[in-house]
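Just so it is clear, the model here is predicted, and its values are computed rather than measured.
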Amino acid sequence: MADTMLCMQSLPQPCPATLVPDVTGIDAYQAAYRAARLQGAVFVAIERDTSRWTVKTDTLTAHPRPTLDDRTHRTVHRAVTQLIDSREIRSDSFAGPIYLVLYGITTELRARQLAAALHAALHGHLQPLQHCITA
């Protein structure tokens with residue numbers, strides 16, 4: 001919980017990969033989502049799903065809510081499409097303007113990297129996402 005609060009309080013700076021909270025389990029998820037909402041921060045987290053990892057972001061918790069310009073939306077959508085095409089994430093992953101969910105990531109480290117890069121993109125910093133996809 002301390003890591004969750006630290007990450008949420010560090011905004012508007014993007015959350016570093018090492019501080020992206022692991023919200024595996026309903027209690028952890030609810031606590032992290034509540035913390036993001038109370039801080040007025042963009043929700044970002046990873047979650048273990050059997051042997052794979054999921055990345056979740058949600059802008060509904062942020063005040064004011066970030067608005068994705070066309071360039072940011074295209075970059076995020078292209079990154080998610082590339083991850084699907086390369087089979088790094090499952091095809092049922094979702095990249096909407098309000099929330100993003102990436103399913104089927106093989107390692108916790110990669111899930112953290114993608115979560116941090118997506119979080120940065122939601123704050124207008126596209127370079128980490130572009131680097132994360134091409135690396």
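Rounded to the nearest 0.5 Å, atoms CG (L118) and OG1 (T75) are 11.5 Å apart. With values rounded to the nearest 0.5 angstrom, R78 atom CZ is found 11.0 Å from H73 atom NE2.
The shortest non-hydrogen separation linking E47 to G25 is OE2-N, 4.3 Å. The heavy-atom pair separating A117 from C132 by the smallest distance is CB-CB, 4.0 Å. Residue T107 comes nearest to W53 through the heavy atom pair C-CD1, 3.5 Å, listed as atom of the first residue, atom of the second, then distance. Contact detail for A28 and D22: the closest heavy-atom pair is CB-O, 4.2 Å.
In this structure the side chain of R71 reaches within 4.5 angstrom of the side chain of L126, judged on heavy atoms. Counting heavy atoms from C-beta on, the side chains of I105 and I46 never come closer than 4.5 Å. The shortest distance between side-chain heavy atoms of L114 and L83 falls below 4.5 Å. Under the 4.5 Å side-chain criterion, counting only non-hydrogen atoms from C-beta, R65 is in contact with L60. Looking at heavy atoms from C-beta onward, V76 lies in side-chain contact with L100 at the 4.5 angstrom threshold. At a threshold of 4.5 Å between non-hydrogen side-chain atoms, the residues R112 and T18 do not count as touching. A 4.5 Å side-chain heavy-atom check between L102 and T54 finds every atom pair outside the cut-off. H125 is not listed as a side-chain neighbour of H119, based on a closest heavy-atom distance of 4.5 Å or more.
By the criterion of side-chain heavy atoms lying less than 4.5 angstrom apart, applied directly or through intervening Ile, Leu, Val, Met, Phe, Trp or Tyr residues, L109 is not grouped with L129; the two fall into different hydrophobic clusters.
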- prompt: Going through the distances and angles, do K56 and V44 end up as a side chain to side chain contact (heavy atoms under 4.5 Å, CB included)?
  reply: CA-CA 6 Å; K56 297 180 178 183; V44 59; over 6 Å; no

task: Starting from the C-alpha separation in whole Å, work towards a yes-or-no answer on side chain to side chain contact (heavy atoms under 4.5 Å, CB included) for H63 and Q39.
output: CA-CA 8 Å; H63 303 287; Q39 295 298 321; over 6 Å; no

- prompt: Are T81 and I84 close enough, and set up right, to give a side chain to side chain contact (heavy atoms under 4.5 Å, CB included), and what steps lead you there?
  reply: CA-CA 5 Å; T81 300; I84 290 170; 5.7 Å; no

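Using a 3.5 Å distance cut-off with no hydrogens or angles, the side chains of T61 and D58 do not pair a donor with an acceptor. Y103 and D92 share no donor-acceptor pair across their side chains, judged by distance under 3.5 Å alone.
Heavy-atom contacts from other residues, nucleotides or ligands closer than 6.0 Å to CG of D69 number more than 12. A 6.0 Å sphere centred on CD of Q82 holds more than 12 heavy atoms belonging to other residues, nucleotides or ligands.
At distances below 3.5 Å, not a single donor-acceptor pair connects side-chain atoms of T59 with backbone N or O atoms of V42.
Checked for salt-bridge contact, R48 and E108 miss the test: no charged N lies under 4.0 Å from a carboxylate O.
Using bins of under 30°, 30° to 60° and over 60° for the plane-to-plane angle, the ring pair Y29/F43 lands in the perpendicular bin.
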